[in-house]
Trainee: 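First the structure, which I've put down as structure tokens, then a few questions once you've had a look.
Below, chain A is the first sequence line, B the second, and so on; all start at residue 1. Because the structure is predicted, anything quoted here is derived from the model rather than measured.
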Amino acid sequence: MPTELNQSYDPKTVEPKWYQTWEESGCFDGNVEAGKDPFTIMIPPPNVTGMLHMGHVLDNTLQDIFIRRARVEGKSALWFPGTDHASIATQVKVEKALRAEGTSRRELGREKFLERAWQWSDEHGGIIFKQLRRLGASCDWRRARFTMDAEYQRSVLASFVELYERGYIYRGKRLVNWCPASQTALSNEEVEMKPQKGKLYKMRYEIVEEPGRFVEISTTRPETIMGDTGVAVHPEDERYADLVGKHCWRPFPRAEIPIVADRAVEKDFGTGVLKVTPAHDQVDFDIGQRHNLPLIDVMNPDGTLNALSGPEFEGVERFKARQMAAAKLEELGLMVEVEDYENNVGFSERAGVPIEPRLSEQWYLKYPKVEEAKRAVEKGIVRFHPKRWEKVYLHWLNNIQDWCISRQLWWGQRIPVWYRKGADASDPANWHVSVDGPEDPENWEQDEDVLDTWASSNLWPFATFGWPSDDPKVKEELDYFYPTSMLVTGFDIIFFWVARMIMSGLELTGNSKDALTDEEIDQRVPFKDIFIHGLIRDEKGRKMSKSLGNSPDPLDLIEKFGADGLRFGIINIAPSGSDILFSEERIEIGRNFCTKLWNACRFRQMAGGVSKNQRLDDIVGRLAGSELEGYGNWILSRLLETMAEIEGQFSRFEMHALAHTLHNFFWGDFCDWYVEAAKAMLQSEEDPRHDAALAVSDLVIRHTLLLLHPVMPHITEELWSSMGYSVDGGFIQDGGLLTASELKSVLEKAGVTIDAAGAAQIENVKELISQARATKAEYNVASKRDVTLFVTPKDNESGAVVEANLDTIKKLAGAATIELRESVDNLPGSVSALGTVYLDLSSAVDVEAEKTRLSKELEKLDKAIQAGSGKLKNPNFVDKAPPHVVDGARKQLEDTEAKRDEIARLLGSL
RNA sequence: GCGCGGGUAGCUCAGUUGGUUAGAGCAACUGGUUUACACCCAGUAGGUCGGGGGUUCGAGUCCCUCCUCGCGCACCA
């Protein structure tokens, strides 16, 4: 039942009301529905303890738009929500809390620590779900999954076991990126290279075989001298050729170390001599391997030096040790010089400290189906939007290295490997790898480590459904919803997450196979379209961050602008694929648009009779048979154009343009022109156009609501119901949005035809009105509503159009009378396609001002004519350009010349 | 070093395959309460499309080159 709208729109009451109604009704539930096409999006799971920030607002608004559009189109839409345990991030937070209490995870022990972590995630978790609800996210909350749920954990362990059995997972001892703060290994992707200002120390080592002779060596890390087990030069470096095979003295602890030749050394850098510390540098490690140099690890896991570095360094923190080592070199007279130096240092992304290459034993994944993952994108089975991200993705895959998946953390899925007690743990014969563990656990010890967070989230598109399982329901749902329709995320996790999901989907969602056909790829990929959006930055282009305090709380913005206002605002300012400069001012447009929509509907309600709105057929029936008047024809043709435009924008993922299209159509075309023109027809109920004008309004509003609903779900739902469109209390999502061509044929079947030529005439009428308004403004009578206008029509047809639209022209231009004349002299006028419109001034015309204005216009037209005629005189243009372009140019020139002549005449008549 | 993206009105951005006199929103300015809306209405002004060269009948759009800003990857101790 339609209800009367309040004077102003209040999102604070309307939005929560509808959200609750929706959720209670189960209308967000995504179910297998035979006969309906599925449309699935898996949410990029936010951190379980995370709070909603602007990035989430953008990401989830976009997802909700696609999901709700799918529902309005009659698909079975499933938006699958959940949260990620964020192993390292969460553990860091819990440990921080423990430190504040004066304790630590080690003191607590694994079991107690995990209790605390669970407690933490229970307390802080779920907040973001509430916030997403407030934003209007239409997730199927029944299904919400957490990556630490028992069932999900089993999926993760099952994937480990499966990949192990298929030979992709192995254990290896090598240099890893070690984070001394979190004391865990990290993957290459978790290391961020940052330029650092430091020192380059040039020192000298004495040659053992030639006392008194020294080689000079540059280093940025003197604290690792104690781990040096060699010195290397380039094999073709003549300066040092005679030294290769000899030895030099490592100053402390003093020892002889060999001089080797290796191609990894850059001749031209520094002195061309490299100190080799195999245990603390990747390049050095490789050199060491090639020359059988021993490894001396001089550091503890926490970044302090150990006993091997000598008594005076033992227990000293690494940066302190650097200074001490430098001082000691000075003392020994071995320092040659120290200069300021900037180089790139790897930082732990989470803990923010420099990582330490460290030798340790870890679990690695050799990525499966790399070739297929490339092929999926190269062949367009999986498509990035914008397309340029394909290159980034492929580049990463082309340089892919095995992934270190074990973490020395406790919060996460514990690696499902057991080692036989008392046996050689390095021998796989003594391993037990399974989801449930050995049957005689007393004889085994489980691996202490957990898996990298991303090693669990990369299963998200299928593990959430219960994979792997023999349950027919799981199979049925996967068959129906998987591969999912699209993924919406930021470019910052293309490597971390997107690429890995594709590879795990390819490997795990079917039988073990060495190679896949294109068809198999098509069935196994986790999604078909990847919509990559930019990051939100502040108005100065800086990243939003807590420390800068430049990140607004989305809930404050919702308070101010409403969730719908914020949603529209953020989409409206988000250019496709590049970063978004956020400013609150730019969100206002969303709130203003809500208000406009509300008021336009309120205006329509005041005219009465909205109870006849229910079905599309009802409205179309009210139009049937009668011929559409000009503006009605025009706005309906604009509606069909707009609908078609939006269909294209959805298919091309142009959400930014979508917002503009909707805004322009509803505000610029419907409110500013149609409604204003319709006022003239609504003035009297006897006006023969009265009922049709109402029906046209109803048709436009109905479709605007349907088109806008994905972007602004709450207000459109409220209006859908208040304006009487709801059938038996049904939601707008069941409104059955037709395509532009479907709607066109529905109208045609009812005898309502949209006439393109008629619509073009109205565009001309609009132009004439604008010209009249401009002339009035020029003479400072813009606000007078009783002026007289004269029109000298261009031809009979134009005259007829003006006659036919006389009352709306009067209304919209603000004139009491309009007279059609053969000619008019001595009055200011403007030229339009239909003819010249003059302003009748009772007072004298400011001839000089008018001359200036017209001369300026004349000048502009002359320029255009010159360009146009020059073009047409050019035989090359006439011969080579396609005929329609030449005709267009000719027509253009004629029109412009006519306009020029008319203005010249006006000017002359003054 | 390799790669990607941007440089169009004061600001933020559109500008499909090259084809009318390059658009929008905001800000500015002028004038306004008319059957909803000042979160409004009407109007005005503002751009040699980063520079240079080329292809073409025709270039904001294609090619080359340079400048400039941002980002990613790699990395020499």
Trainee: With a 3.5 Å limit on both atom pairs, tell me what B/rC62 is paired to, counting Watson-Crick and G-U wobble, or say none.
Mentor: B/rG54
Trainee: What contact category does A/Val283 fall into here, base, sugar-phosphate, or nothing, at under 4.0 angstrom with non-hydrogen atoms?
Mentor: sugar-phosphate
Trainee: Which one is paired to B/rC39, where only Watson-Crick or G-U wobble pairs with both distances under 3.5 angstrom count?
Mentor: none
Trainee: Round to the nearest Å and state the distance from A/Ile570 atom CD1 to B/rU12 atom P.
Mentor: 16 Å
Trainee: Can you measure A/Met681 atom CE to B/rU35 atom C1' for me and round it to whole angstrom units?
Mentor: 15 Å
Trainee: For atom C1', what is the distance between B/rC49 and B/rU35, given to the nearest Å?
Mentor: 45 Å
Trainee: Using the C1' atoms only, state how far B/rG50 lies from B/rG7, rounded to an integer number of Å.
Mentor: 6 Å
Trainee: So, OP1 or OP2 of B/rG43: does either fall under 4.0 Å of a side-chain N or O from A/Arg773?
Mentor: yes
Trainee: Less than 4.0 Å between a side-chain N and a carboxylate O, is that true for A/Asp340 and A/Lys197?
Mentor: no
Trainee: Does NZ or CZ of A/Lys194 lie under 6.0 Å from the centre of the six-membered ring of A/Phe347, at an angle within 45° of the ring axis?
Mentor: yes
Trainee: Would you say A/Asn344 reaches B/rA74's phosphate, i.e. side-chain N/O to OP1/OP2 under 4.0 Å?
Mentor: no
Trainee: If each of A/His660 and A/Arg586 is mapped to the nucleotide of RNA chain B with the nearest heavy atom, which maps nearer the 5' terminus, i.e. the 5' end?
Mentor: A/Arg586
Trainee: Both distances under 3.5 Å, Watson-Crick or G-U wobble: report the partner of B/rU44, or none.
Mentor: B/rA28
Trainee: Between A/Tyr341 and B/rA77, is there a side-chain N or O to OP1/OP2 distance below 4.0 Å?
Mentor: yes
Trainee: Report which part of the nucleic acid A/Cys671 touches: base, sugar-phosphate, or nothing (heavy-atom distance under 4.0 Å, all strands).
Mentor: base
Trainee: Is the number of heavy atoms from other residues, nucleotides or ligands under 6.0 Å of A/Lys679 NZ greater than 12?
Mentor: yes
Trainee: For A/Asn399, answer base if it contacts any base atom (sugar-phosphate contacts may also be present), sugar-phosphate if it contacts only those atoms, and nothing otherwise; contact means non-hydrogen atoms under 4.0 Å.
Mentor: nothing
Trainee: Among B/rA77, B/rU34, B/rG19, which nucleotide sits nearest the side chain of A/Phe877?
Mentor: B/rG19
Trainee: Taking only the side-chain nitrogens and oxygens of A/Asn599, find out if one of them lies under 4.0 Å from OP1 or OP2 of B/rC39.
Mentor: no
Trainee: Find which nucleotide of RNA chain B each of A/Ser770 and A/Met193 is nearest to by heavy atoms, and output the residue with the more 5' nucleotide.
Mentor: A/Ser770
Trainee: Distance between the P atoms of B/rG3 and B/rG15, in whole angstroms?
Mentor: 26 Å
Trainee: Look at all strands and tell whether A/His395 reaches a base, only sugar-phosphate, or nothing, counting heavy atoms closer than 4.0 Å.
Mentor: sugar-phosphate
Trainee: Say you pick atom C1' in B/rC2 and the same atom in B/rA74; how far apart are they, in whole Å?
Mentor: 8 Å
Trainee: Can you identify which nucleotide, out of B/rG25, B/rC37, B/rU21, has its nearest atom closest to the A/Gln7 side chain?
Mentor: B/rC37
Trainee: Check every strand shown and say whether A/His663 touches a base, only sugar-phosphate, or nothing at a heavy-atom separation below 4.0 Å.
Mentor: nothing
Trainee: Base, sugar-phosphate alone, or nothing: which one does A/Ala774 contact when heavy atoms must sit under 4.0 Å apart?
Mentor: sugar-phosphate
Trainee: Pick the P atom in B/rU61 and in B/rA9, then give their distance to the nearest Å.
Mentor: 15 Å
Trainee: Do A/Glu676 and B/rA36 share a donor-acceptor pair, side chain to base, under 3.5 Å?
Mentor: yes
Trainee: On a plain distance test, is the side chain of A/Lys391 in donor-acceptor contact with the base of B/rC4 below 3.5 Å?
Mentor: no
Trainee: With side chains defined as the heavy atoms from C-beta onward, is the minimum distance between A/Tyr674 and A/Asp669 less than 4.5 Å?
Mentor: no
Trainee: Verify the contact: side-chain N or O of A/Lys596 to OP1 or OP2 of B/rC41, cut-off strictly under 4.0 Å; return yes or no.
Mentor: yes
Trainee: If you count every heavy atom of other residues, nucleotides or ligands that lies below 6.0 Å from A/Glu342 atom CD, does the total exceed 12?
Mentor: yes
Trainee: So, under a plain 3.5 Å distance rule, would you say the side chain of A/Lys679 forms a donor-acceptor pair with the base of B/rA36?
Mentor: yes
Trainee: Taking the P atom of each, how far is B/rC75 from B/rA59, in whole Å?
Mentor: 46 Å
Trainee: Cationic tip of A/Arg638 within the cone over A/Trp667's six-membered ring, i.e. under 6.0 Å and within 45° of the normal?
Mentor: no
Trainee: Inspect the contact between A/Lys811 and A/Glu676 and indicate whether a charged nitrogen and a carboxylate oxygen are less than 4.0 angstrom apart.
Mentor: no
Trainee: Rounded to the Å, how far apart are A/Phe495 CZ and B/rG72 P?
Mentor: 10 Å
Trainee: If you measure from the C1' atom in B/rG1 to the same atom in B/rC76, how many Å do you get, rounded?
Mentor: 12 Å
Trainee: Within the 4.0 Å heavy-atom criterion, would you say A/Asp672 contacts the bases, only the backbone, or no part of the nucleic acid?
Mentor: sugar-phosphate
Trainee: Could you give the distance separating B/rG23 and B/rU16 at their P atoms, to the nearest angstrom?
Mentor: 14 Å
Trainee: Does A/Trp667 have a side-chain nitrogen or oxygen under 4.0 Å from the phosphate oxygens OP1 or OP2 of B/rC41?
Mentor: yes
Trainee: Using purine N1 to pyrimidine N3 plus N6-O4 or O6-N4 for Watson-Crick, or N1-O2 and O6-N3 for G-U wobble, each under 3.5 Å, what pairs with B/rC4?
Mentor: B/rG70
Trainee: Aromatic rings A/Phe568 and A/Phe593: how do their planes relate, parallel, tilted or perpendicular, breaks at 30° and 60°?
Mentor: tilted
Trainee: What is the distance, to the nearest angstrom, from the CG atom on A/Asn664 to the C1' atom on B/rG15?
Mentor: 14 Å
Trainee: Base, sugar-phosphate, or nothing: which does A/Leu274 touch, judged by heavy atoms less than 4.0 Å apart?
Mentor: base
Trainee: Hey, does A/Arg602 reach any base, or is it just sugar-phosphate, or nothing, if we go heavy atoms under 4.0 Å?
Mentor: sugar-phosphate
Trainee: Expressed as a whole number of angstroms, how long is the span from A/Met606:CE to B/rU35:P?
Mentor: 12 Å
Trainee: In whole angstrom, what separates A/Glu266's CD from B/rC75's C1'?
Mentor: 10 Å
Trainee: Mind checking A/Glu588 for me? I need base, sugar-phosphate or nothing, with any heavy atom below 4.0 Å counting as a touch.
Mentor: nothing
Trainee: Using whole Å, report how far CG of A/Leu812 lies from P of B/rA42.
Mentor: 10 Å
Trainee: What's the CD1-P distance between A/Ile532 and B/rC4, to the nearest Å?
Mentor: 18 Å
Trainee: Can we say A/Lys275 and A/Asp228 salt-bridge, meaning some charged N sits less than 4.0 Å from an Asp/Glu carboxylate O?
Mentor: yes
